[in-house]
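Beneath this line is the structure, given in structure tokens, with notes to follow.
Only a predicted model underlies this, so the values are computations on that prediction, with no experimental measurement involved.
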Amino acid sequence: MIPIAIYHCNISIVSRGKGKSAVAAAAYRSGEKITNEWDGMTHDYTRKRGVVHTEILLPPHAPPSFSDRATLWNSVELYEKAGNAQLAREIDAALPIELSREEQIRLVREYCSSQFVSRGMCVDFAIHDTDSGNPHCHIMLTMRPLDERGAWAAKSKKEYDLDENGERIRLPSGRYKTHKVDLTGWNNKGNALLWRKAWADISNAYLERAGRPERIDHRSNAERGIDELPTVHMGVAACQMEKKGIATEKGELNRNIQKANRLIREIRAQIGKLKEWIGELFKARETAPEQPPQSPGLANLLMKYLSVQREKSRKYSQSWQRQHAADELKTVAKAVGYLSEHGISTLAELDAALSSVSDQADAIREGMKTAEKRMKELQKLIEYGKNYTEYKPIHDELKKLKNGWTSKRDKYEEAHRAELTLWNAASRYLHANLPKGTKSLPISEWEKEYATISGQRTAEYTKLKETRAEVAELHNIRKCVDIALKADQPEQTRAKRHDLER
């Protein structure tokens with residue numbers, strides 16, 4: 001089995017409409033101090049730790065001055081006039097820890113050059129690593145093309161809609177109906193999949209070149225045919241707490257998901273082996289016409305197993321024989337008890353029982369997956385709900401200050417940037433995921449539901465462990481039957497020879 005390295009590749013937009021700034025983003029990613037000429041705000045991140053490499057890559061027709069980070073992003077900010085302008089696209093991706101720093105840098109450089117610079121985008125990337133086992137890169141991309149003179153060009157153009165006669169369609173307002181045509185193709189929705197796949201492909205090429213067996217895969221579990229629930233994205237805060245030995249709800253849920261996934265894999269693997277074994281036995285019987293057509297009795301085979309084990313023990317001491325006989329009797333008694341309890345007397349019935357156990361295990365895991373999915377949703381609702389409630393007073397205070405780029409408002413916003421960012425993220429998530437008109441956040445109800453589902457999931461996990469114990473018992477029965485069947489083979493061969501001699 002090929003080892004899987006960590007895959008994370010997220011694509012987002014730096015939008016002025018969401019209170020973001022390309023200059024602020026670039027300053028933070030690079031750990032620099034840059035003043036935004038559009039609003040006059042200075043963003044100083046020179047104390048930021050973990051910035052190990054920064055680099056700007058430009059297409060051939062870009063002005064050489066864009067090699068300076070402040071010049072590049074201030075040019076973007078000043079050219080975009082709209083209050084809701086999309087200023088930059090950002091990709092953040094986990095770097096394979098199996099590669100050296102130099103290999104990581106070359107990997108990001110090749111990825112950016114082949115996917116973005118070649119299409120005319122300016123690229124500003126930074127690699128962060130705080131030695132916490134999470135090296136990653138931030139890639140900022142310009143969203144407006146440059147013309148052959150190095151000046152910013154149009155992202156799109158407006159075209160008139162035409163009717164069946166080729167005439168423009170007039171709207172009630174008197175204007176003509178139009179639609180926007182993208183001139184670059186950079187905003188095509190299919191790009192996300194292409195860029196994510198390219199990251200996986202190029203990363204894997206570097207891993208192979210480095211002689212590493214690990215590979216990454218951009219596809220989801222479902223797309224890869226893996227019937228498992230993925231774990232929760234931990235986030236920086238939860239990761240830091242876990243590293244300090246402080247258990248978090250996200251960490252606990254991830255551990256439970258991983259345990260359940262391992263358990264169901266183990267059960268399916270064992271059942272698969274047992275089904276394969278039974279299939280081989282049936283096939284062997286079909287090629288032996290002298291055998292009786294009915295399925296062999298398991299009770300007889302277990303008794304045969306006992307006699308075989310008794311014969312084997314004769315060469316040992318009397319005390320060892322007694323202890324060995326007692327152990328084997330316990331094994332057979334347990335097997336017989338299981339078979340009797342489940343009404344299994346033949347291999348055919350054992351095969352049917354395996355199918356039943358398999359279906360039972362799958363049904364339990366499906367129920368657990370539904371519970372885990374809901375627990376993930378509740379975790380997000382609770383987290384964002386608490387952030388929304390906690391930081392709403394700060395947001396409300398900002399709203400009281402006059403609009404515009406006044407000194408007082410700017411200073412307040414800069415002082416509370418982290419809290420406002422958390423509030424804005426919470427507000428967007430809750431508006432997107434709660435029914436319209438929701439006035440109060442039922443955080444306590446979410447927490448109760450989470451606790452209830454968590455308890456149910458624990459009970460289901462106990463059932464899954466019981467299923468594993470059942471499969472283990474079936475595996476023990478297989479071992480006994482195997483030994484008995486092998487012991488039968490010489491006798492059958494002797495009987496065949498006797499018949500031939502007669």
Any side-chain heavy-atom pair from [X] and [Y] closer than 4.5 angstrom?
X: I91; Y: F116; value: yes
X: E80; Y: K155; value: yes
X: M121; Y: M143; value: no
X: L441; Y: Y384; value: no
X: K386; Y: Y388; value: no
X: Y176; Y: I169; value: no
X: I11; Y: W195; value: yes
X: I216; Y: N204; value: yes

Short N-O contact, [X] and [Y], less than 4.0 angstrom:
X: E377; Y: K380; result: no
X: E55; Y: R109; result: yes
X: K369; Y: E366; result: yes
X: K400; Y: D396; result: no
X: E103; Y: R209; result: no
X: K157; Y: E159; result: yes
X: E32; Y: K48; result: no
X: K463; Y: E460; result: yes
X: D163; Y: R168; result: no
X: E473; Y: R468; result: no
X: D124; Y: R29; result: no
X: R365; Y: E372; result: yes

Quick check: closest heavy atoms across [X] and [Y], and the distance to 0.1 Å?
X: S67; Y: L58; result: OG-CD1, 3.6 Å
X: D147; Y: R149; result: OD1-N, 2.9 Å
X: L87; Y: K20; result: CD1-O, 3.9 Å
X: C112; Y: L57; result: CB-CD1, 3.7 Å
X: V14; Y: A25; result: CG2-CB, 4.5 Å

What's the spacing between [X] [atom1] and [Y] [atom2] if we round to 0.5 Å?
X: D92; Y: N10; atom1: CG; atom2: CG; answer: 5.0 Å
X: S427; Y: N387; atom1: OG; atom2: CG; answer: 11.5 Å
X: E77; Y: L72; atom1: CD; atom2: CG; answer: 10.5 Å
X: I127; Y: C137; atom1: CD1; atom2: SG; answer: 6.5 Å
X: E167; Y: Y160; atom1: CD; atom2: OH; answer: 13.5 Å
X: N191; Y: R196; atom1: CG; atom2: CZ; answer: 13.5 Å

For this session: Kindly state whether the ring of F125 and the ring of Y111 have centres lying under 6.0 angstrom apart.
Result: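 That pair fails the under 6.0 Å test.
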For this session: With side-chain contact (heavy atoms from CB on, under 4.5 Å) as the test, would you mind laying out the steps for S203 and L107 before giving the verdict?
Result: CA-CA 7 Å; S203 297; L107 160 61; 3.7 Å; yes
List the residues meeting side chain to side chain donor-acceptor pair (under 3.5 Å) with [X], not counting sequence neighbours, and say none if there are none.
X: R89; answer: N187
X: T35; answer: T42
X: N74; answer: none

Could you tell me whether a side-chain N or O of [X] sits under 3.5 Å from a main-chain N or O of [Y], the two making a donor and an acceptor?
X: S454; Y: Y450; result: no
X: R16; Y: A82; result: yes
X: R215; Y: R212; result: yes
X: D44; Y: T46; result: yes
X: S358; Y: L354; result: no

Problem set entry | Residue pair W186, L141: steps toward the side-chain contact (heavy atoms from CB on, under 4.5 Å) verdict | CA-CA 10 Å; W186 299 349; L141 311 169; over 6 Å; no
For this session: Mind telling me whether Y79 and W152 have parallel, tilted or perpendicular rings, with 30° and 60° as the class edges?
Result: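 Correct class here is tilted.
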Exercise. Pick one: which of H136, R101, R49, H53 meets side-chain hydrogen bond (donor to acceptor under 3.5 Å, both in side chains) with D129?
Worked result: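 Passing option: R101.
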Problem set entry | ring pair (Phe, Tyr, Trp, His ring centres under 6.0 Å) between Y412 and H416, worked out | CA-CA 6 Å; Y412 183 87; H416 297 283; 4.4 Å; yes
Exercise. Picking from N36, D68, T142, I34, what satisfies side-chain contact (heavy atoms from CB on, under 4.5 Å) with W73?
Worked result: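 The side-chain contact (heavy atoms from CB on, under 4.5 Å) with W73 is passed solely by T142 among N36, D68, T142, I34.
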Exercise. Above 12 or not: heavy atoms from other molecules or residues under 6.0 Å from OH of Y429?
Worked result: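 Correct, the count exceeds 12.
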For this session: Check whether more than 12 heavy atoms from other residues, nucleotides or ligands sit under 6.0 Å from atom NE2 of H61, and answer yes or no.
Result: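 Counting other residues, nucleotides and ligands, NE2 of H61 exceeds 12 neighbours.
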For this session: May I ask you to check if R428 and W423 form a cation-pi contact, with NZ or CZ under 6.0 angstrom from the six-membered ring centre and within 45° of the axis?
Result: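 Checked: cation-pi criterion not met.
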Problem set entry | Donor-acceptor pair between Y206 and E110 side chains, under 3.5 angstrom |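 Present: a donor and an acceptor within the cut-off.
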Exercise. Could you go step by step and tell me if E98 and Q104 meet the side-chain contact (heavy atoms from CB on, under 4.5 Å) rule?
Worked result: CA-CA 9 Å; E98 298 81 6; Q104 290 173 345; over 6 Å; no
For this session: Could you walk me through whether L434 and L381 pass side-chain contact (heavy atoms from CB on, under 4.5 Å), step by step?
Result: CA-CA 9 Å; L434 292 180; L381 288 169; 4.0 Å; yes
